[in-house]
Enquirer: 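Sharing a structure, written as structure tokens. Questions coming.
Residue numbers count from 1 along this sequence. Whatever order the structure lists them in is the order used to number ligands and atoms, beginning at 1.
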Amino acid sequence: MPRPPAVVRTLPSLRRAMETLRARRATVALVPTMGALHDGHLALVHQAKRHASKVVVSIFVNPTQFAPHEDFGSYPRTWKADLAKLTEARVDLVWNPGVSTMYPPGFASRILTEGPAQAGLEDRFRPHFFGGVTTVVGKLFAQCRPDVALFGQKDYQQLKVVTRMAADLDLGVKVIGVPIVRERDGLAMSSRNVYLSVEQRADAPTLYRTMKDAARRLRNGDDLGAVMADGARTIGDAGFDLDYFEARHAETLAPIRSTKDGPVRLLVAAKIGTTRLIDNIGV
Ligand code: PAF
């Protein structure tokens with residue numbers, strides 16, 4: 001059994017641990033997570049190892065990216081299992097701050113970005129979300145000063161937002177997107193999949209199947225409006241409460257009228273019961 005990674009919970013101990021890593025001329029990759037780790041997170045760790053000599057994983061369920069009515073309190077917290085997975089994956093350091101370390105009394109700052117963070121999609125349904133993400137990720141970058149940071153493409157808009165922020169603020173970190181890891185039936189891996197009942201879990205892959213079918217039709221030259229309307233209907237008929245099913249420019253996330261308007265990404269968000277799932281696919 002490999003040795004468990006060092007776990008640090010205070011800023012002085014993080015600083016010391018990072019200095020030790022850096023003293024050995026390491027390049028550092030950061031994998032920011034909220035824990036409840038699954039194979040999608042482990043794919044980030046494996047990619048991280050290809051880009052840097054040391055891998056730091058942060059585990060912090062960030063309250064500022066949840067609205068009061070959302071699942072901050074019930075978000076899965078699986079510390080022991082997470083640490084076992086990170087040990088197995090031979091991660092070097094785990095940064096696991098508490099809320100009062102990240103947001104001490106008097107904390108009064110927020111990083112707000114424009115561009116992809118205001119493109120609609122998630123921003124339309126979770127207006128508080130990206131401000132919370134950019135603030136915490138900005139802090140994680142400042143604390144760990146990684147050379148690279150890895151984010152899953154499942155949160156595609158988040159990936160674009162963080163990439164934009166890192167470039168705009170000259171944070172000196174290269175943001176790398178890692179492809180979605182899926183269950184055998186196509187459902188994108190997510191920490192929130194544990195909320196699904198057996199019936200909901202059986203219906204959940206509809207999102208991926210619908211996107212795949214839409215992407216195939218678009219590649220065959222079908223009309224964009226018709227394809228998207230058919231997809232939205234299929235998702236609704238399967239019992240989902242659809243937030244959006246949209247075709248966007250894959251880089252800027254700008255709305256598009258035709259597949260000629262750019263590399264296209266299809267993005268979906270829908271609730272099944274009380275669980276909100278998101279997914280996306282390239283065309
Ligand atoms: O994708 C997530 O798990 C979170 O949004 C992140 C990037 C760790 C920030 O809290």
Side-chain angles (χ1 to χ4, degrees), residues 9 14 28-45 47-48 55-67 70-79 81-82 85-86 89 91 93-103 107 109-113 116-117 121-123 125-144 146 148-166 169 171 173-181 188-195 267 269 275-280:
R9 297 204 163 91
L14 176 69
V28 174
L30 174 68
V31 178
T33 82
M34 297 206 298
L37 303 179
H38 50 66
D39 284 356
H41 295 111
L42 297 179
L44 301 181
V45 170
Q47 276 300 318
V55 177
V56 178
V57 173
S58 62
I59 297 186
F60 177 64
V61 186
N62 174 35
T64 65
Q65 67 191 75
F66 291 79
E70 292 182 343
D71 57 343
F72 174 69
S74 59
Y75 194 83
R77 287 158 171 91
T78 56
W79 171 255
D82 290 351
K85 287 174 188 171
L86 297 179
V91 160
L93 185 69
V94 178
W95 170 221
N96 178 224
V99 173
S100 62
T101 298
M102 291 302 269
Y103 302 113
F107 184 89
S109 300
R110 202 161 166 85
I111 299 174
L112 292 178
T113 59
L121 305 168
E122 286 304 286
D123 177 46
F125 292 90
R126 304 184 70 196
H128 56 280
F129 178 67
F130 287 122
V133 168
T134 45
T135 301
V136 80
V137 172
K139 280 175 69 77
L140 292 169
F141 285 178
Q143 293 161 346
C144 302
V148 297
L150 294 97
F151 292 82
Q153 288 182 347
K154 189 181 82 69
D155 293 273
Y156 193 79
Q157 190 175 7
Q158 168 177 280
L159 170 63
K160 297 295 169 198
V161 169
V162 169
T163 304
R164 189 71 265 157
M165 174 186 74
L169 301 184
L171 297 182
V173 48
K174 182 174 177 204
V175 174
I176 296 170
V178 176
I180 298 173
V181 178
M189 287 198 185
S190 163
S191 303
R192 290 188 167 99
N193 289 352
V194 296
Y195 298 153
L267 302 105
T275 304
R276 187 169 183 275
L277 300 176
I278 62 172
D279 202 348
N280 65 85

Enquirer: Mark up the atoms of ligand 1 that fall under 4.0 Å of a heavy atom belonging to Val136, in ascending order.
Expert: 9 (C), 10 (O)
Enquirer: Tell me: protein heavy atom nearest atom 9 (C) of ligand 1, and distance?
Expert: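 Of every protein heavy atom, Gln65 OE1, 3.3 Å lies nearest to atom 9 (C) of ligand 1.
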Enquirer: Under a 4.0 Å heavy-atom limit, does Thr33 contact ligand 1 with its side chain, its backbone, both, or neither?
Expert: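 Near ligand 1, Thr33 shows its backbone, while the atoms from C-beta on stay back.
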Enquirer: Before signing off on this row, confirm whether Asp155 and ligand 1 have an N or O atom pair separated by under 3.5 Å.
Expert: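 In this structure, Asp155 places no N or O atom under 3.5 Å from an N or O of ligand 1.
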Enquirer: Going by distance alone, is a donor N or O of one side chain under 3.5 Å from an acceptor N or O of the other, for Asn62 and Tyr75?
Expert: no
Enquirer: Nearest protein heavy-atom contact for atom 7 (C) of ligand 1: which residue, which atom, what distance?
Expert: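 Heavy-atom neighbour on the protein nearest atom 7 (C) of ligand 1: Gln158 NE2, 3.5 Å.
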Enquirer: What orientation do His41 and His38 show, parallel under 30°, tilted 30 to 60°, or perpendicular over 60°?
Expert: tilted
Enquirer: Tell me whether the NZ or CZ atom of Arg77 lies within the 45° cone about the ring axis of Phe72 and under 6.0 Å from its centre.
Expert: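 Yes.
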Enquirer: Does atom NZ of Lys174 have more than 12 heavy-atom neighbours from other groups under 6.0 Å away?
Expert: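 Count not over threshold, so no.
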Enquirer: Report the C-alpha distance between Ser109 and Thr135 in whole Å, list the side-chain angles of each, state the deciding distance to 0.1 Å, and finish with yes or no for side-chain contact (heavy atoms from CB on, under 4.5 Å).
Expert: CA-CA 8 Å; Ser109 300; Thr135 301; 5.9 Å; no
Enquirer: How far is atom 3 (O) of ligand 1 from the closest protein heavy atom, and which atom is that?
Expert: Met34 CG, 3.7 Å
